[in-house]
Novice: 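There's a structure below that I have some questions on.
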4 protein chains.
Amino acid sequence: MTVDELPRSESLDLPPWPEGHEVAVSLTFDVDGESVAIGESSANARRLSLMSDGRYGVTRGLPRIRALLAEENIHGTFFVPGWVADKYGSHVRGLAEDEHEIGHHGYLHRNPEDLDLEGQTEELQHGLDSLVSLFGGNPVGYRAPYFAPTCETFSLLQGLGFIYDSSCMGDHQPYLECCKGIKMLELPVHWSLDDGVYYAWTPQTGALGGPNLLFDTWFAEFNAIASEGGHLVLTMHPHWTGRPHQLETLHRLIREMRRAKKVWFTPLLQVAELYQPRTKD
Amino acid sequence: MTVDELPRSESLDLPPWPEGHEVAVSLTFDVDGESVAIGESSANARRLSLMSDGRYGVTRGLPRIRALLAEENIHGTFFVPGWVADKYGSHVRGLAEDEHEIGHHGYLHRNPEDLDLEGQTEELQHGLDSLVSLFGGNPVGYRAPYFAPTCETFSLLQGLGFIYDSSCMGDHQPYLECCKGIKMLELPVHWSLDDGVYYAWTPQTGALGGPNLLFDTWFAEFNAIASEGGHLVLTMHPHWTGRPHQLETLHRLIREMRRAKKVWFTPLLQVAELYQPRTKD
Amino acid sequence: MTVDELPRSESLDLPPWPEGHEVAVSLTFDVDGESVAIGESSANARRLSLMSDGRYGVTRGLPRIRALLAEENIHGTFFVPGWVADKYGSHVRGLAEDEHEIGHHGYLHRNPEDLDLEGQTEELQHGLDSLVSLFGGNPVGYRAPYFAPTCETFSLLQGLGFIYDSSCMGDHQPYLECCKGIKMLELPVHWSLDDGVYYAWTPQTGALGGPNLLFDTWFAEFNAIASEGGHLVLTMHPHWTGRPHQLETLHRLIREMRRAKKVWFTPLLQVAELYQPRTKD
Amino acid sequence: MTVDELPRSESLDLPPWPEGHEVAVSLTFDVDGESVAIGESSANARRLSLMSDGRYGVTRGLPRIRALLAEENIHGTFFVPGWVADKYGSHVRGLAEDEHEIGHHGYLHRNPEDLDLEGQTEELQHGLDSLVSLFGGNPVGYRAPYFAPTCETFSLLQGLGFIYDSSCMGDHQPYLECCKGIKMLELPVHWSLDDGVYYAWTPQTGALGGPNLLFDTWFAEFNAIASEGGHLVLTMHPHWTGRPHQLETLHRLIREMRRAKKVWFTPLLQVAELYQPRTKD
């Protein structure tokens with residue numbers, strides 16, 4: 001590795017948002033179900049409580065989130081691992097009917113960084129087949145499991161017709177994440193904007209931030225992004241944000257954002273499309 | 001493992017609560033004593049401070065919790081490992097006299113996930129023998145140590161006449177946790193509703209949430225559950241919640257819940273019984 | 001090990017505090033200096049920043065704490081490892097001149113749980129020799145490094161004329177910690193009442209609670225203890241609480257406690273002496 | 001190792017600050033870029049998201065921080081690893097044009113504690129060469145990667161003409177950190193005054209303090225330091241503090257400090273120079 005081969009960023013200008021909106025906000029949800037635990041070890045399948053925690057997201061959290069978004073008239077982006085599409089077709093199919101965007105999130109939530117090219121190809125193709133089989137149309141957005149894509153991932157995505165990735169942190173507005181000649185439109189994320197950072201707890205990790213820390217941090221970020229006329233990407237998981245007080249916290253956040261600014265709540269896809277003409281140059 | 005063999009949930013309708021109560025709340029206590037530490041390694045027996053921390057729960061925390069519940073006229077559910085019943089009979093016997101529910105919590109708090117069928121059978125039967133010997137009647141509710149039951153656990157529980165488990169997270173209201181043909185009534189828990197997440201500290205883990213984070217999170221959950229007319233299960237440990245400021249925090253929570261809603265404080269058993277006719281169908 | 005051999009508690013009645021005080025508070029300080037790091041590995045001696053962090057406690061934190069206690073007319077208890085007495089005699093000698101109590105805290109802060117009888121004997125005797133050599137009189141109070149005494153520790157302490165230990169958690173008021181026929185007066189501590197839980201940070205552990213969490217938690221505990229007319233033991237470390245905003249936090253706590261109640265600030269020794277006639281029965 | 005060989009502190013009197021300022025504050029920034037991750041393992045170069053997170057600091061955070069400091073008319077100190085100077089010359093060159101101080105921060109952010117004398121020499125000389133090549137003049141201030149210098153580091157720094165280090169914690173005002181006959185002017189840091197403690201998150205560590213905990217803690221420290229007429233050193237990283245809500249938090253802090261006191265915001269170098277005549281005595 002030489003320093004010249006490292007990935008790099010290319011900045012992009014923020015577009016004006018449609019209809020005079022002051023800020024764009026994408027509510028995105030990684031619908032992981034049990035895939036994280038099973039992807040780590042199939043032996044986890046016998047751990048009833050761990051399984052039930054993941055399953056909650058699909059069977060209980062998801063319909064509650066859909067109801068909230070419908071009530072608030074918001075369309076979001078849902079990144080669905082292929083394994084979840086295969087197993088929970090009847091639960092996730094309705095997402096497309098609600099006109100939410102469906103994105104790619106691997107097959108069994110395997111970490112691309114831990115896979116060689118063959119493994120990554122298999123995860124991507126398998127996941128894509130499952131999504132196409134369930135939803136019909138091709139997804140064009142990808143979020144790597146664990147926010148962990150590699151340059152091979154990008155190369156494969158490009159070959160499969162994807163137009164954006166949402167896994168990197170090289171900017172706080174859309175930009176091009178570039179590696180080995182590939183320029184991928186990146187709709188960036190950040191750990192501080194991931195609900196798991198505040199809500200996850202396991203006997204091994206030990207820390208819980210709680211709903212008020214999430215609200216205060218995310219609303220502060222919203223205000224900072226809005227002051228630039230920018231685009232805020234929030235990453236949530238139905239087995240956390242879909243739960244009772246956590247969903248109330250999201251609801252409160254939506255209300256407060258709308259009270260403060262003229263907000264364009266939009267799936268990532270619409271933001272990506274605003275950039276298409278420029279990134280094709 | 002195929003995806004069809006994974007455990008799954010079956011939803012149940014919420015019953016109306018007795019006497020027009022708006023929400024049901026079960027205060028549950030895992031009376032672990034020194035069993036967690038000794039179950040992990042008998043070498044822990046020489047660690048005086050660690051032993052004293054666990055012992056506090058039985059000898060000091062428990063009577064204080066009983067006094068608070070008596071003052072507030074609340075009956076709770078106490079999950080007692082068999083080892084604690086054997087060793088601390090005179091301390092825990094009074095729980096039944098106070099008409100609290102006694103539940104099963106293993107023998108030496110061994111993690112079912114780490115045991116084969118024989119080991120799980122031994123833990124369950126040994127624990128049951130100890131409870132029956134001390135309290136007379138059979139417990140009908142079970143909470144797995146570490147919230148970690150397996151499908152074999154459920155199979156054994158069914159054979160022993162248990163009617164509910166309270167260890168899984170597949171819903172935030174009572175449901176059926178199903179695996180390999182077994183349908184177990186589940187009165188679900190969650191890490192965010194466990195006092196250890198806020199109060200536990202060891203030199204290894206490092207994080208402490210504190211009483212206000214617990215209060216704010218639990219009261220937010222109470223309000224969210226109450227808005228659905230649901231059932232809130234709080235998991236506490238006498239060596240944490242039985243301590244001075246922590247017990248005050250529980251007292252404050254009880255008062256604020258009663259101020260906000262018409263609350264049915266009830267042992268898990270009464271909730272389970274409301275479901276019995278339906279789950280037997 | 002059988003359950004009968006486990007250590008156990010014997011409760012003691014709270015005495016009336018002198019002069020009608022409503023609550024007793026002992027401010028205790030573990031003057032560790034670099035002993036923790038060096039006790040873990042002598043290779044740590046070359047780590048300048050780690051060494052300086054520990055040293056701060058003795059050379060900078062300690063005089064600031066002494067000045068605050070003098071200003072507030074409070075006498076505390078300072079647990080001094082023998083190694084610190086040897087190395088920093090000129091810095092710690094003044095503690096006795098200020099009429100603070102000096103307690104035993106091992107020699108090189110080695111964990112008794114990790115030592116066999118010979119090792120524990122050596123740590124205790126070596127530490128005692130250093131304290132006697134520097135301060136003259138024999139200390140009669142002991143706090144185990146890492147809050148981790150064993151029953152052998154207690155046996156040794158008894159032989160050396162110690163009258164109390166302050167390392168266990170079996171009660172939140174003075175009690176007898178009993179093991180293998182020994183009954184030791186215990187002036188108990190708790191992790192939630194240790195400043196390191198809120199202020200410690202290392203690249204490995206990652207969590208920081210901060211001054212307000214410490215203040216809120218400790219003041220809540222003070223109020224709960226005061227409502228019982230009890231005895232609050234706070235454990236601090238000069239390299240944390242002796243620092244700027246942390247010392248202000250202790251100052252604020254002292255002021256608020258005095259505003260709320262008639263507080264007897266007292267070294268542990270005076271509390272132990274109130275129990276002497278009874279524990280000798 | 002004997003206790004006499006351990007490093008030690010020599011106290012220095014605080015100087016009066018220029019123009020009647022009541023307190024001195026140095027905003028310091030470690031411009032790490034990807035160097036931390038790559039210094040740990042070159043295999044990290046293929047981890048796009050991790051790389052992008054570090055890169056954000058240089059390409060996005062840095063210009064935003066420069067703009068804020070320009071708006072507030074503050075000069076800070078930027079510690080730049082040589083690798084970052086080599087790779088991002090066009091991004092960091094402007095720091096000197098803005099009259100910020102440039103300090104040394106190793107070459108590839110390798111931990112001096114993990115290197116032998118040869119390795120430390122190489123890191124220091126390589127880093128120095130890169131800084132001189134880019135910025136012209138010699139830096140005279142050093143901050144060790146991971147706040148982890150050794151005595152050999154100090155010996156090397158002295159030979160290279162450095163006049164101060166800013167990596168140790170032996171005081172909360174400038175002092176001499178002394179080891180093996182070397183006396184280094186130390187402008188001390190502390191973990192609680194490092195933004196990473198509040199903002200860092202990785203799947204392995206798990207804790208996030210958030211912006212309000214940082215603000216409250218740092219402002220409390222500012223007030224405590226100001227009450228002594230002291231010098232506050234804040235350590236920040238452009239990939240954390242340069243982000244949207246985090247930069248707002250720094251801005252708020254600057255405003256509140258100015259509202260409260262007459263603050264001398266100054267690079268570390270100016271503070272070091274006030275001590276030069278005395279430390280040369």
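In what follows, every chain begins at residue 1, and chains take the letters A, B, ... in the order their sequences are listed.
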Novice: Which region of Asn212(C), side chain (C-beta onward) or backbone (N, CA, C, O), has a non-hydrogen atom less than 4.5 Å from a non-hydrogen atom of chain D, or is it both or neither?
Specialist: side chain
Novice: By a 4.5 Å heavy-atom criterion (distance strictly below it), what part of Tyr198(D) contacts chain C: side chain, backbone, both, or neither?
Specialist: side chain
Novice: For Tyr199(D), is the NZ or CZ atom of Arg243(D) found under 6.0 angstrom from the centre of its six-membered ring and inside 45 degrees of the ring axis?
Specialist: no
Novice: Please look at Glu177(D) and chain C and tell me whether the side chain, the backbone, both or neither of the residue comes under 4.5 angstrom of a heavy atom of that chain.
Specialist: side chain
Novice: Heavy-atom distance under 4.5 Å to chain C: side chain of Thr150(D), backbone, both or neither?
Specialist: both
Novice: Strictly below 4.0 Å, N to O, side chains only: are Glu228(D) and Arg64(C) in salt-bridge contact?
Specialist: yes
Novice: Report which part of Arg55(C) has an atom under 4.5 Å of a heavy atom belonging to chain D: side chain, backbone, both, or neither.
Specialist: side chain
Novice: Relative to chain C, which segment of Phe154(D) carries a heavy atom at a distance below 4.5 Å: side chain, backbone, both, or neither?
Specialist: side chain
Novice: Taking Gly196(D), Ala220(D), Ala224(D), Pro149(D) one by one, which has the highest count of heavy-atom pairs under 4.5 Å against chain C?
Specialist: Pro149(D)
Novice: For chain C, which candidate among Thr153(D), Asp171(D), Thr217(D) shows the most heavy-atom pairs at distances under 4.5 Å?
Specialist: Asp171(D)
Novice: Go through the atoms of Tyr175(D) and report whether side chain, backbone, both or neither lie under 4.5 Å from a heavy atom of chain C.
Specialist: side chain
Novice: Given a strict heavy-atom distance threshold of 4.5 Å, which part of Asp216(D) is in contact with chain C: side chain, backbone, both, or neither?
Specialist: side chain
Novice: If you measure from the Lys or Arg side-chain nitrogens to the Asp or Glu carboxylate oxygens, is any gap between Glu72(C) and Arg258(C) under 4.0 Å?
Specialist: yes
Novice: Under 4.5 Å heavy-atom distance to chain C, tell me which part of Pro188(D) shows up: side chain, backbone, both or neither.
Specialist: neither
